[in-house]
Amino acid sequence: MKVLGIETSCDETAAAVVEDGRRILSNIVASQFDLHRPFGGVVPEVAARAHAEHITAVIDEAMAAAACSPRDIDAVSAVNRPGLIGALLVGVAAAKALAIAWGKPLLGMDHIHGHVYASTLAGFTVFPHISLIVSGGHTCLYRVGGPLEFTVLGQTADDAAGEAFDKVAKMLELGFPGGPALGKLAEQAPAEARGLFKHLAGRPAGSPGDPADRPTDLDFSFSGLKTAVYYHLRGTTRGRGPLREITETERAAVAASFQEAACEIMVNKTLAACRREKIGAAAVGGGVACNKRLREMLKERAALEKPEIQVFFPPPALCTDNAAMNAGLAYHRLARGEADGLDLDADPTPKRQFRV
Ligand code: KG4
Ligand code: ZN
């Protein structure tokens with residue numbers, strides 16, 4: 001069964017054709033980075049307009065690259081939650097129009113569940129596993145029992161991981177989007193210069209009393225770390241004022257130290273979730289999963305666990321926003337005989353199940 005998937009939840013206009021939830025026949029992503037760069041962040045109205053402008057061409061390209069005609073498609077899926085309302089509406093409207101015109105079932109999909117499924121789409125089929133989703137808008141730990149079985153174990157109390165990377169990158173004048181640029185700058189700092197914010201990285205996995213059976217221990221917080229970077233760059237712990245001049249060496253040390261502490265937090269929570277749930281496998285998704293240091297640190301630490309924890313990262317193109325992940329996941333709903341009605345609505349902030 002082939003599903004045409006559509007993704008417009010934030011600043012990427014994307015469409016993909018995926019067969020049987022596994023085989024990616026096409027995966028087209030039109031990024032809007034250049035449109036938002038002058039503003040230093042995503043402007044919702046600009047994003048929605050750009051989606052409306054590009055969605056038809058992106059869908060045409062995905063169909064052509066998959067060598068599919070409408071006859072070959074079994075269902076149309078679109079991310080309808082969570083995301084920017086104007087942006088989501090464009091994808092949902094496009095999917096409805098195609099579902100009506102082609103006489104195919106319509107499926108509304110959760111963007112974060114799509115990020116979780118990216119690992120399975122990339123070949124990781126171990127269940128249950130722990131999934132860490134770290135993107136620009138979300139930070140979440142799930143217990144994943146099957147492609148459609150998710151239990152939230154922890155989430156962020158404040159900033160999302162990617163948001164923290166982007167904001168620190170902005171303080172370091174690294175442009176937009178800042179996460180990848182921060183990762184590159186951090187590589188220039190030697191290992192001994194990466195400990196400026198070590199005290200904010202939380203307990204290492206496996207330290208006494210960790211993991212606690214207190215569920216909140218699997219929640220995340222990045223705002224304290226972000227604020228610590230801000231005051232470090234200001235050179236004072238009080239009030240407002242200009243950031244001080246710093247050398248290139250110091251900039252790299254700040255980037256690397258922030259990255260190190262943020263990765264420690266993500267790695268510690270993920271391994272703590274594995275131990276608490278007695279699950280020996282973890283996968284990571286979302287844009288921050290592209291981060292090299294996160295990949296390296298989680299693999300190193302997971303190998304030290306007893307028994308060793310298996311770790312999986314999808315290729316970067318399936319970590320950042322794309323439509324293949326929701327088209328792949330939609331297949332599993334379709335196989336269960338599920339479909340949504342034409343009254344499917346966009347839901348920018350769905351109520352999430354709270355941690356167990
Ligand atoms: O999953 P995604 O493409 O979009 C959302 O659903 O938000 O994630 C985008 C986020 C941005 O905050 C971006 O800076 C971050 O992922 N990101 C990175 C890296 N590549 C993307 N953060 C750190 N290191 C990277 N290499
Ligand atoms: Zn995303």
Side-chain angles (χ1 to χ4, degrees), residues 5-14 16 27 29-33 36-37 40-42 44 47 51 78-84 87-88 91 109-119 121 131-140 142 155-156 159-172 174-187 220 222 225-226 229 255-267 283-298 313-326 329 348-350:
I6 297 171
E7 154 72 54
T8 60
S9 64
C10 189
D11 58 345
E12 260 101 20
T13 314
N27 189 14
V29 181
S31 162
Q32 303 176 358
F33 289 158
H36 299 290
R37 187 165 290 119
V42 178
H51 286 311
V79 163
N80 74 320
R81 64 190 189 279
L84 304 171
L88 288 168
M109 306 302 296
D110 186 300
H111 179 77
I112 314 299
H113 294 172
H115 276 304
V116 174
Y117 188 73
S119 292
L121 183 59
S131 177
L132 169 72
I133 300 304
V134 274
S135 74
H138 302 271
T139 300
C140 221
Y142 287 95
Q155 50 206 331
T156 182
D159 292 24
E163 192 181 348
F165 268 87
D166 291 341
K167 285 181 178 159
V168 168
K170 206 168 181 174
M171 293 178 212
L172 292 168
L174 288 169
F176 170 84
L182 189 146
K184 281 212 183 73
L185 178 61
E187 281 171 24
F220 298 79
F222 292 102
L225 175 59
K226 185 189 69 184
V229 176
S257 298
F258 162 79
Q259 175 177 268
E260 200 69 12
C263 290
E264 281 278 352
I265 294 169
M266 294 184 270
V267 167
V284 189
V288 182
C290 295
N291 186 272
K292 277 195 200 150
R293 182 63 184 131
L294 176 63
R295 287 174 176 245
E296 181 184 82
M297 191 191 284
L298 183 56
F313 284 86
L318 291 179
C319 291
T320 47
D321 285 353
N322 66 86
M325 59 193 191
N326 92 69
L329 185 57
T349 47

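In listed order, ligands and their atoms are each counted from 1.
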Trainee: Which ligand 1 atoms does His115 reach within 4.0 Å, using its non-hydrogen atoms?
Mentor: 1 (O), 6 (O)
Trainee: Show the atoms of ligand 1 that are less than 4.0 angstrom away from any heavy atom in Gly162.
Mentor: 12 (O)
Trainee: So if I count the atoms of ligand 1 from 1 in the order they appear, which ones are less than 4.0 Å from some heavy atom of Asp321?
Mentor: 1 (O), 2 (P), 3 (O), 4 (O), 5 (C), 6 (O)
Trainee: Side chains of Asp321 and His115: is there a donor and an acceptor less than 3.5 Å apart?
Mentor: yes
Trainee: For ligand 1, which atoms sit closer than 4.0 Å to a heavy atom of Thr320?
Mentor: 3 (O)
Trainee: Do you know the tightest heavy-atom contact between Gly286 and Ser135?
Mentor: CA-CB, 4.1 Å
Trainee: If you measure every N/O of Pro177 against every N/O of ligand 1, is any gap under 3.5 Å?
Mentor: no
Trainee: Return the residue, atom name and 0.1 Å-rounded distance of the protein heavy atom closest to atom 7 (O) of ligand 1.
Mentor: Gly136 N, 2.8 Å
Trainee: Would you name the N/O/S atom of Asp321 that lies closest to the Zn ion (ligand 2)?
Mentor: OD1
Trainee: I need the nearest protein heavy-atom contact for atom 24 (N) of ligand 1: residue, atom name and distance, please.
Mentor: Asn291 ND2, 3.0 Å
Trainee: Looking only at protein heavy atoms, which one is nearest to atom 14 (O) of ligand 1, and what is the separation?
Mentor: Asp166 OD1, 2.6 Å
Trainee: Kindly give the atom name of the N, O or S atom of His115 closest to the Zn ion (ligand 2).
Mentor: NE2
Trainee: Between His111 and the Zn ion (ligand 2), is there a contact where an N/O/S atom of the residue lies under 2.8 Å from the metal?
Mentor: yes
Trainee: Of all the atoms in ligand 1, which lie at a distance below 4.0 Å from a heavy atom belonging to Gly137?
Mentor: 7 (O)
Trainee: Taking the basic N atoms (NZ, or NE/NH1/NH2) and the acidic carboxylate oxygens, is any pair closer than 4.0 Å for Arg293 and Glu296?
Mentor: yes
Trainee: How about Phe258 and Phe165: are their ring centres within less than 6.0 Å of each other?
Mentor: yes
Trainee: Closer than 4.0 Å to some heavy atom of Phe165 - which atoms of ligand 1 meet that?
Mentor: 23 (C)
Trainee: If you measure every N or O of Glu12 against every N or O of ligand 1, does any of those distances drop under 3.5 Å?
Mentor: no
Trainee: Is any side-chain heavy atom of Gln32 less than 4.5 Å from a side-chain heavy atom of His51?
Mentor: yes
Trainee: Looking only at N/O atoms, are Gly287 and ligand 1 under 3.5 Å apart anywhere?
Mentor: yes
